[in-house]
Amino acid sequence: IRPSDIFTKQSFRNAFALDMAMGGSTNTILHSLAIALEAGIDFNLSELNEISSRVPYLCKVSPASKTVHMEDVDAAGGIPAILNELSKLDRIIDQSCLTVTGKTIGENFKDVKVKDRNVIRSCEDPYSKTGGLVVLFGNLAPEGSVVKTGAVDPEMMVHSGPARIYESQEEALTGILSREVQPGDVVVIRYEGPAGGPGMPEMLSPTSAIMGMGLGNKVALITDGRFSGGTRGACIGHVSPEAAAGGPIAAIKPGDIVSIDIPNRSINLEVPEEEIKKRLNNLKPFEPKIKKGYLARYSKMVSSASRGAILNLE
C-alpha cells in the first residue's frame with residue numbers, strides 16, 4: 001500500500017464527515033488540514049461548512065454530554081458503527097477509499113451495527129441535522145475560525161458584545177479569575193497563534209475558568225490559539241490570520257463590539273473597514289516571545305492555522 005493510495009481527498013472528506021457527526025475536537029480540523037496539505041491535497045476550510053451542512057450530529061460525547069463518554073461510544077459500536085450509520089446517507093461516505101488495513105473503509109465497517117441508540121443516534125433522529133463543527137468567516141477571520149457548535153449553549157449561538165482583550169492566555173486567566181470579565185463580554189485572547197504562541201497553545205485554563213466562574217452561557221471567547229477537546233461554550237479558535245501575522249484580531253480595541261453568528265457562519269468586528277485598515281497599518285512590528293533556538297525558527301517559518309500551521313519551507 002502506498003501513502004498516495006490512502007491519502008486522497010475523499011479519504012479526508014470521510015474523516016471530516018466523521019468529525020462532524022461526533023462534534024469532535026477542533027484540533028482534528030487543524031491536524032487533518034496539516035496532513036492533507038503535506039500530502040499535496042488542496043483542502044480549503046470553506047469546504048468544511050459544505051460537509052457540515054450535509055452531515056447530521058449523531059454522537060454527543062463529553063464534554064458536550066454529561067453522560068456519554070468515549071468508552072460508551074466504543075461499547076455502542078465505536079467509530080465503525082458511526083461510519084456505517086453515515087453510509088446510509090447519499091454521497092457522504094466514499095466506501096471505496098483504501099485504509100491501512102488493506103481493505104476499503106466500507107469493508108471495515110460493513111458488519112458493525114449500532115448497539116445503543118442512546119449513544120449513537122440514527123440519521124433520522126440526530127441531535128441536529130448539521131454537523132457539530134463549523135467554520136466562521138468575516139472581517140475578523142478572513143481565512144476562517146473554528147467552533148465546536150455541539151458544545152455551545154443555544155442562547156450563545158448568536159452573540160454580540162464588547163471586547164475584553166488579553167495579549168496572552170496567562171493574562172486572560174488572571175483577568176477572568178479576578179472578575180474583570182462581565183456577562184455579555186467577548187473575551188479576546190491574541191498573540192497565541194502558530195507564530196505568536198509560538199506553537200498555538202491550547203486555551204484549556206481560560207475556558208475552564210470561564211465555566212467555573214459561571215459565565216459559560218454568558219460570554220464568548222475568541223482566540224488565534226486553539227482549544228482542548230475538553231472545552232465547552234462559545235469558544236471560537238484558530239482565528240486566521242493570527243495577530244502575530246497582522247490579522248484583524250490584532251486591530252480590536254477594548255470595548256469594540258464583536259458580533260458572532262454561528263448559524264450564519266460569521267464573525268465580525270463592528271468597526272468600519274477603513275478604521276480596521278488604519279489600525280493594522282499602525283501596528284508595531286510583531287516581537288517574538290522566543291528569539292533563539294528551534295522555537296524562534298519555527299515562529300518565523302510556520303504558516304497560518306487555516307493551512308494546518310505547517311511550515312513554509314520555500
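Both Leu58 and Leu89 are assigned to one and the same hydrophobic cluster, defined by single-linkage of ILVMFWY side chains at heavy-atom distances under 4.5 Å. Phe7 and Leu37 fall into different hydrophobic clusters, defined by Ile, Leu, Val, Met, Phe, Trp and Tyr side-chain heavy atoms under 4.5 Å apart, directly or through other members. Linking Ile, Leu, Val, Met, Phe, Trp and Tyr whenever their side-chain heavy atoms come within less than 4.5 Å leaves Val258 and Tyr166 in two separate clusters. Two different hydrophobic clusters hold Leu45 and Leu140 under the rule that ILVMFWY side chains link at heavy-atom gaps under 4.5 Å.
Distance alone, capped at 3.5 Å, is enough to place a donor-acceptor pair between the Thr223 side chain and the Ile189 backbone. Asn49 places no side-chain N or O within donor-acceptor distance of the main-chain N or O of Val134, the cut-off being under 3.5 Å. Without hydrogens or angle criteria, Asp256 side chain to Lys253 main chain gives a donor-acceptor distance under 3.5 Å. With hydrogens and angles disregarded, a donor-acceptor distance shorter than 3.5 Å links the side chain of Asp224 to the backbone of Glu192.
For the pair Phe16 and Ser32, the minimum side-chain heavy-atom distance is below 4.5 Å. Inter-residue side-chain proximity for Ser145 and Ser240 is flagged as unmet; no heavy-atom pair is nearer than 4.5 Å. Proximity of Ile93 to Leu83: side-chain heavy atoms (C-beta onward) are separated by under 4.5 Å at one or more points. Between Leu280 and Lys277, the closest side-chain pair of non-hydrogen atoms is not below 4.5 Å. In this structure, Leu133 and Thr26 have side chains that are in contact, with non-hydrogen atoms separated by less than 4.5 Å. Proximity of Glu202 to Phe227: side-chain heavy atoms (C-beta onward) are nowhere separated by under 4.5 Å. Using a 4.5 Å cut-off on side-chain heavy atoms (C-beta onward), Pro126 and Arg121 make no contact.
Salt-bridge check for Arg190 with Glu171: failed, with every basic side-chain N at 4.0 Å or more from each acidic carboxylate O.
Side-chain polar atoms of Ser259 and Glu270 form a donor-acceptor pair below 3.5 angstrom. Donor-acceptor pairing under 3.5 Å is lacking for the side chains of Asn264 and Ser266. For the 3.5 Å distance criterion, the side chains of Thr99 and Asn108 qualify, holding a donor opposite an acceptor.
Chaining together hydrophobic side chains whose heavy atoms lie under 4.5 Å apart places Met200 alongside Leu30.
The structure places CZ of Phe43 at 14.0 Å from OG of Ser306, a figure rounded to the nearest 0.5 Å.
With a 6.0 Å cutoff to the six-membered ring centre and a 45° limit on the axis angle, Arg265 does not count as a cation-pi contact of Phe137.
Residues forming a salt bridge (charged side-chain N to carboxylate O under 4.0 Å, His left out) with Glu180 (at least two apart in sequence, or on another chain): none.
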